[in-house]
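Data block below; observations after.
Numbering of ligands and ligand atoms starts at 1, following listing order. Residues take their numbers from the sequence shown, with the count starting at 1.
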Amino acid sequence: MTRKRLWITRRLSDATLKRAARDYDVVINHQDTPGTAEELIAASAEFDAIIPCHSEHFCADVVARFSDRLRIVANHSVGVDHCDLPALKERGIAITNTPDVLSDATAELAMLLMLGAARHAVAGDRIVRTGAWDSWSPAFMVGKQVTGARLGIIGMGRVGRAFAAKARGFDMDIHYYNRTELAPDLAQGATYHGSVESLLSIADFLSLHCPATAETTNLMNQERFALLPQGAVIVNTARGALVDETALLDALTQDHLAAAGLDCFQVEPGGNPAFATHDNIFMLPHIGSATRQTRDAMGFRALDNLDAFFAGKTPGDLL
Ligand SMILES: NC(=O)c1ccc[n+]([C@@H]2O[C@H](COP(=O)([O-])OP(=O)(O)OC[C@H]3O[C@@H](n4cnc5c(N)ncnc54)[C@H](O)[C@@H]3O)[C@@H](O)[C@H]2O)c1
Ligand SMILES: O=C(O)[C@H](O)CO
């Protein structure tokens, strides 16, 4: 049987690339640059399958120009906001993602951002690193305690629940808003709120874990930041689209919010230059799932989906 042709748009983990080369006629973008619209369109005529990352944008106008050869887009990501799902499905192209395997790594990063934002990690690191640490006082760099505080989670899915599990280790009082209330075995004692507004009114720490959709664009806007208790801390490891960044900056500069921990930005790569001068914003460059073991697991999960598809089975993560 002829081997299926596979395009891998970015430099995935070595173990993933090795397995892909064993089983497919694979072309890898070793330059590791994001695939452009024209490259995606050309690839649709040359390949049976693509493994993209969230850096490749399958917009409706791009998909409309696809050739018929491409059969499956097996994403190396759980988020699929870079893909127009109806447009792909309408063309008969299967689409999969990589859930579960990155939940712990992403929840770990959310915990890092929450702790770092609450305890002045950015300013603290800088003054030690630059030799500017020349005094100490009991009032120096006093932060906000995480242990025992009230945590609000928006989007109590796989990552949200993994984050809640880690927050329980800090004895946090966990509350959540989700489209639907979770069964008790999933909620694990977390308190459900029937509206975002109700959750915000009690959240000393707020962590976002829902997908970027039309409904969640600018989920956190000026009115909603105002509902948070004074001195709250917000963490975003979901997507930049969820946060109105101008409203966030206003809430921080007016001292309504104490700090923010951000892995995701409206513009990526690059982030928001207006954030750069604010020490109470702890920023990381979209590395939520970036651990070695998780990268291997994501690559293998994408390949599992491809293998199932070409074996005539339903891929485990078919969307
Ligand atoms: N920073 C990173 O590297 C990184 C890594 C993994 C995931 N993510 C992001 O996290 C998101 C969540 O991943 P997941 O695996 O937990 O997905 P998931 O589908 O398991 O969970 C998402 C949850 O959000 C809820 N939800 C959807 N729309 C909502 C809305 N309008 N209001 C409230 N809740 C809503 C869903 O019901 C679900 O419970 C992904 O879509 C992705 O954008 C980012
Ligand atoms: O959605 C995801 O899987 C992460 O953001 C990495 O792409």
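Distance from atom 3 (O) of ligand 2 to its nearest protein heavy atom, with residue and atom name: V78 N, 2.7 Å. In this structure, atom 7 (O) of ligand 2 lies nearest to the protein heavy atom H54 ND1, 2.7 Å. In this structure, the protein non-hydrogen atom closest to atom 17 (O) of ligand 1 is R158 NH2, 3.5 Å.
Residue N97 does not touch ligand 2, judged by heavy-atom distances below 4.0 Å. The part of V78 lying near ligand 1 is the side chain, judged by heavy-atom distances below 4.0 Å. Of the heavy atoms in C264, only side-chain atoms (C-beta onward) come closer than 4.0 Å to ligand 1. Counting heavy atoms closer than 4.0 Å to ligand 1, residue H209 contributes backbone atoms (N, CA, C, O) but none from C-beta onward. In R239, the part holding a heavy atom less than 4.0 Å from any atom of ligand 1 is the side chain.
Below 3.5 Å of separation, one finds no N or O of D81 facing any N or O of ligand 1. Annotation: R239 places an N or O atom under 3.5 Å from an N or O atom of ligand 2; distance criterion only.
Proximity of A238 to ligand 1 is established by a heavy-atom distance of less than 4.0 Å. Every heavy atom of P99 sits 4.0 Å or more from the atoms of ligand 1.
In summary, R224 and D244 do not engage in a salt bridge, as defined by a charged side-chain N under 4.0 Å from a carboxylate O. Salt bridge absent: R3 and D23 never bring a charged side-chain N and a carboxylate O closer than 4.0 Å. A salt bridge is defined here as a Lys NZ or Arg NE, NH1 or NH2 lying under 4.0 Å from an Asp or Glu carboxylate O, and R10 with D32 meets this definition.
Considering only non-hydrogen atoms, atom 4 (C) of ligand 2 lies nearest to H286 out of E268, H286, M298, R295.
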Evaluate ring-ring contact (aromatic ring centres under 6.0 Å, His included) for H54 paired with H76, printing each intermediate quantity in order. CA-CA 8 Å; H54 73 270; H76 182 275; 9.6 Å; no
Please walk me through it: do I174 and R168 pass side-chain contact (heavy atoms from CB on, under 4.5 Å)? CA-CA 8 Å; I174 301 165; R168 274 183 208 104; 3.6 Å; yes
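For the residue pair L88 and C83, the shortest heavy atom distance occurs at CD1-CB, 4.0 Å.
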